[in-house]
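Below: one structure, written as structure tokens.
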4 protein chains.
Amino acid sequence: MGAVKSKRMPRAVREQQMLDAAVRTFGQRGYMAASMDEIAELAGVSKPLVYLYLNSKEDLFTACIRREAAALTAAIRVGVRTDQPADRQLWDGLLAFFTHTAQNPDGWSVLHLQARIHGEAFAGEVAAMREEIVAFVTQLIVVAAREAHRDPDLAEREVAGLAEALVGAAESLAAWANATPGVTARQAAATLMNFAWAGLGNLMEGRPWAPPAA
Amino acid sequence: MGAVKSKRMPRAVREQQMLDAAVRTFGQRGYMAASMDEIAELAGVSKPLVYLYLNSKEDLFTACIRREAAALTAAIRVGVRTDQPADRQLWDGLLAFFTHTAQNPDGWSVLHLQARIHGEAFAGEVAAMREEIVAFVTQLIVVAAREAHRDPDLAEREVAGLAEALVGAAESLAAWANATPGVTARQAAATLMNFAWAGLGNLMEGRPWAPPAA
Amino acid sequence: MGAVKSKRMPRAVREQQMLDAAVRTFGQRGYMAASMDEIAELAGVSKPLVYLYLNSKEDLFTACIRREAAALTAAIRVGVRTDQPADRQLWDGLLAFFTHTAQNPDGWSVLHLQARIHGEAFAGEVAAMREEIVAFVTQLIVVAAREAHRDPDLAEREVAGLAEALVGAAESLAAWANATPGVTARQAAATLMNFAWAGLGNLMEGRPWAPPAA
Amino acid sequence: MGAVKSKRMPRAVREQQMLDAAVRTFGQRGYMAASMDEIAELAGVSKPLVYLYLNSKEDLFTACIRREAAALTAAIRVGVRTDQPADRQLWDGLLAFFTHTAQNPDGWSVLHLQARIHGEAFAGEVAAMREEIVAFVTQLIVVAAREAHRDPDLAEREVAGLAEALVGAAESLAAWANATPGVTARQAAATLMNFAWAGLGNLMEGRPWAPPAA
DNA sequence: GATGAATGAGACTTCATTCAT
DNA sequence: TATGAATGAAGTCTCATTCAT
């Protein structure tokens with residue numbers, strides 16, 4: 001079932017096999033329900049070897065988070081060319097994001113669902129990655145405002161909230177796209193882009209929606 | 001620590017105490033890490049009584065989900081007046097949503113994070129609630145189009161995606177607002193409303209963002 | 001499911017209802033697997049009432065054994081007329097035995113299987129009944145020998161062994177008859193009578209089977 | 001109390017130790033009253049190891065039944081030589097049976113008492129063994145009839161009943177012999193042989209006992 | 001580098017039994 | 001007479017983790 005069993009592999013390779021198995025197991029079973037037994041068997045090694053290399057269940061989980069977070073941000077970075085206009089950058093980023101999460105549902109589950117839930121240590125790891133993405137989006141908004149020669153006069157917190165909403169919508173759409181047959185990464189990206197860019201545009205043109213008095 | 005210990009209470013009251021303790025524990029520890037021991041102690045009763053009334057850990061969790069889902073949808077229903085224009089309805093709904101989730105962070109955690117992760121049975125309970133909300137939002141979008149005397153010609157799936165994105169953004173913002181000191185429910189609602197309503201408006205005026213060719 | 005619920009019954013009646021429920025439950029589930037909850041529900045009363053009347057699970061079980069043992073020996077006593085020849089007495093006894101056990105399988109299960117297994121206290125209760133039956137059979141053998149004007153010169157232990165074998169065969173046949181559709185009490189009795197009486201006859205005529213040298 | 005504690009034994013050996021402990025505990029306490037804790041302690045290992053090797057209480061019990069059933073039928077097979085006349089074969093079989101059960105009272109208790117009571121799965125395991133023995137006895141009766149150049153004209157069900165009665169008597173005598181000090185296997189076998197063979201002989205000579213009209 | 005053997009701790013669950021009315 | 005409310009104790013089972021080879 002698991003990886004092909006071949007003895008005496010270099011450590012780096014073995015470790016990746018273990019992380020593959022761990023991400024898959026954590027993603028499908030959840031952190032607590034995943035057992036080290038299952039991970040070891042799926043990796044095709046004995047349990048003591050997992051402990052020898054990865055130390056403990058917590059450390060193993062942290063290693064999974066780090067690897068998956070790095071892979072996701074790398075995918076986005078590769079997809080985006082910073083010499084493009086802001087809207088194109090956002091589009092490329094969204095497309096890369098939805099494509100990567102669709103291809104690595106277990107990794108995405110680990111980042112999006114599992115890591116948030118089990119202790120601040122894990123959540124912190126993910127928060128770092130998330131902040132990197134939020135910062136990227138925030139900067140795009142600012143650049144967009146400058147390109148439009150507007151001074152949207154958006155307070156910092158407001159921008160943070162917008163970026164948060166955008167990223168949250170993306171995360172939610174990623175889950176929805178993964179769960180809804182027939183929805184491609186491209187369609188998900190288009191839906192969100194439509195939704196977001198237009199909204200941002202209006203905002204920056206100074207036509208915000210005014211809440212009624214309390 | 002737990003509720004004041006007073007013996008011999010009628011069953012209905014004890015059950016609510018147990019559900020209170022369970023929601024709090026599940027929300028903070030997660031479904032698997034929450035132990036029946038801890039829940040019982042927090043409720044101020046013995047473990048067998050929890051089993052006598054709520055049957056099993058799964059059933060207890062399901063009961064939590066049902067209660068919290070009902071409370072959330074009720075809060076939104078109470079907050080929204082259907083004789084108002086669509087934008088006002090959306091605003092009221094968002095405000096009620098963010099207010100309720102801010103006041104019941106553990107309940108929201110149970111619905112948003114825990115229930116999704118542990119088995120289709122639980123996820124199904126939440127999905128039902130979520131679909132109710134998504135349907136409400138979807139209908140608002142359609143009504144808004146009609147109010148604007150426009151035929152936005154939005155495909156059904158596109159609307160579904162928009163509603164999904166909106167709800168997802170709301171869910172994400174709720175978590176963000178809960179975790180960020182100083183962010184009020186009103187602010188979160190305003191941020192999202194600004195973001196969403198403007199975007200929807202543009203969409204319906206037929207100015208969508210056009211993705212580049214693949 | 002259980003007995004018709006009617007409040008305020010005289011104690012003797014309630015006790016019989018409880019014993020009915022207990023015999024049925026013990027017979028079908030076994031002593032340990034039977035729960036006081038199930039017995040109380042089947043009897044249509046609350047658990048504390050069972051404890052008020054019958055004291056404890058052990059006492060309840062003992063009461064079951066006593067009642068069923070008394071019923072079985074009474075059935076045999078009623079079936080046998082001591083003014084008949086020995087073979088007729090044995091036949092009548094066997095017929096009564098197989099008839100009663102067929103009509104009260106749960107009671108028979110309690111006596112035959114459950115009581116033997118759970119502690120010497122219970123086994124002792126059954127042993128008393130069993131000895132009464134063995135004594136009856138033993139006496140029949142002696143009477144038969146006298147009727148045949150023979151002195152079979154059977155040692156006491158040998159007679160005890162014979163009676164034991166006969167009773168054991170009867171018990172086994174009762175279980176077999178209960179479990180094999182289409183086997184009546186009369187057939188079971190005939191089979192055993194054929195087997196036993198002829199063997200006894202040969203024995204008493206001094207034609208034992210000779211075991212080979214060690 | 002338990003086996004001598006020596007760490008790091010090969011799995012096969014440990015499994016036998018566990019089965020030894022389990023047979024003893026199940027035989028003396030009964031299936032339900034036997035606790036895995038007690039079995040593990042008697043085996044000189046920790047409870048998790050028992051579960052690792054034997055999987056569950058049910059599986060452990062089944063393994064006990066299988067081992068003991070195999071041991072008993074093997075003992076009988078070894079004791080009987082099929083080139084002997086039927087009466088000698090029956091004698092040898094009985095002797096082997098009583099000898100084995102006397103030497104393995106706990107194993108016999110597991111087969112005779114415990115297994116029958118707890119679920120059809122277990123009873124089925126024993127029933128298979130019992131049928132093997134009943135078939136052996138049945139065949140002996142048929143062979144005996146042929147050797148006597150008689151046509152006993154015994155209906156199939158009648159023979160089945162006889163074999164059942166014989167085996168039942170043997171089972172009962174085995175329990176009796178185990179419980180009665182001073183009764184040897186040889187004596188038990190002789191008692192039953194006397195009883196049975198003579199009875200069978202008479203039967204086959206066409207002198208059955210005639211039951212009275214209903 | 002790799003593993004079969006082994007375990008302490010703790011999870012969920014059930015039961016016989018009692019208390020207070 | 002009768003019961004709804006409540007629990008201490010014990011059961012089966014799983015898991016992360018380590019030892020000795």
Side-chain angles (χ1 to χ4, degrees), chain A residues 5 7-11 14 32-40 44-60, chain B residues 5-15 32-40 43-60, chain C residues 5 7-11 14 32-40 44-60, chain D residues 5-11 13-15 32-40 44-60:
Chain A
K5 213 170 187 173
K7 306 269 160 134
R8 306 274 152 180
M9 320 204 18
R11 170 161 182 160
R14 269 277 140 92
M32 302 237 54
S35 83
M36 298 296 273
D37 267 297
E38 187 177 359
I39 292 171
V45 294
S46 71
K47 237 186 323 176
L49 199 58
V50 179
Y51 278 87
L52 189 62
Y53 284 177
L54 275 314
N55 222 25
S56 74
K57 193 182 187 183
E58 286 203 2
D59 285 4
L60 172 58
Chain B
K5 215 170 187 174
S6 75
K7 303 273 161 124
R8 307 273 148 184
M9 323 213 3
R11 172 168 182 155
V13 176
R14 269 279 136 90
E15 269 191 22
M32 302 236 55
S35 85
M36 296 299 272
D37 267 299
E38 187 177 359
I39 292 171
V45 294
S46 69
K47 230 184 332 171
L49 199 58
V50 179
Y51 278 89
L52 189 62
Y53 286 176
L54 275 313
N55 228 23
S56 73
K57 194 181 187 183
E58 285 204 3
D59 283 4
L60 172 58
Chain C
K5 214 171 188 172
K7 307 266 161 134
R8 304 273 153 182
M9 319 205 17
R11 169 160 183 160
R14 270 277 140 91
M32 302 237 56
S35 84
M36 297 297 273
D37 267 296
E38 187 177 359
I39 292 171
V45 295
S46 72
K47 237 184 325 174
L49 199 59
V50 178
Y51 277 87
L52 189 62
Y53 284 178
L54 275 314
N55 224 24
S56 75
K57 194 183 186 183
E58 286 204 0
D59 285 3
L60 172 58
Chain D
K5 216 169 188 174
S6 76
K7 303 274 161 121
R8 305 275 150 183
M9 323 211 6
R11 172 167 182 156
V13 177
R14 268 280 135 90
E15 268 191 23
M32 302 236 56
S35 86
M36 296 298 272
D37 268 300
E38 187 178 359
I39 292 171
V45 294
S46 70
K47 229 186 331 174
L49 200 58
V50 179
Y51 279 90
L52 189 62
Y53 286 176
L54 275 312
N55 228 23
S56 73
K57 193 182 187 182
E58 285 203 2
D59 283 5
L60 172 57

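Throughout, a chain's letter reflects where its sequence line sits, starting with A, and its residues are numbered from 1.
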### Query
Which atom pair, heavy atoms only, marks the closest approach of Met32(C) to Ala33(D)?
SD-CB, 3.5 Å
### Message
On DNA chain E, does the nearest nucleotide to Tyr53(D) precede the nearest nucleotide to Met36(C) from the 5' side, or the other way round? Give the residue.
### Response
Tyr53(D)
### Task
Provide, to the nearest angstrom, the distance between the CG atom belonging to Leu52(D) and the C1' atom belonging to dC13(F).
12 Å
### Query
With nearest nucleotides of DNA chain F determined for Tyr51(D) and Asn55(A) from heavy-atom distances, which residue corresponds to the more 5′ nucleotide?
Tyr51(D)
### Query
What is the distance from CE of Met32(D) to P of dA10(F), rounded to the nearest Å?
16 Å
### Query
dA9(F) pairs with which nucleotide, Watson-Crick or G-U wobble, both distances below 3.5 Å?
dT14(E)
### Message
On DNA chain F, does the nearest nucleotide to Arg11(C) precede the nearest nucleotide to Pro10(B) from the 5' side, or the other way round? Give the residue.
### Response
Arg11(C)
### Task
Identify the nucleotide, in any strand shown, that forms a Watson-Crick or G-U wobble pair with dG4(E), with both distances under 3.5 Å; if there is none, say none.
dC19(F)
### Query
Quick one: Lys47(A) NZ to dG1(E) C1', roughly how many Å, whole number?
19 Å
### Task
Rounded to the nearest angstrom, tell me the gap between atom NZ in Lys57(D) and atom P in dG11(F).
9 Å
#### Entry: Nucleotide dA6(F), atom C1' - distance to CD of Glu15(B) in whole Å
14 Å
### Task
Round to a whole Å and report the spacing from CG of Leu54(B) to C1' of dA6(F).
15 Å
### Query
Taking for each residue the nucleotide of DNA chain E bearing the nearest heavy atom, is the 5' side occupied by Leu49(A) or by Asp37(C)?
Leu49(A)
### Task
Starting from P on dA16(E), measure out to CD on Glu58(C) and report it in whole angstrom.
12 Å
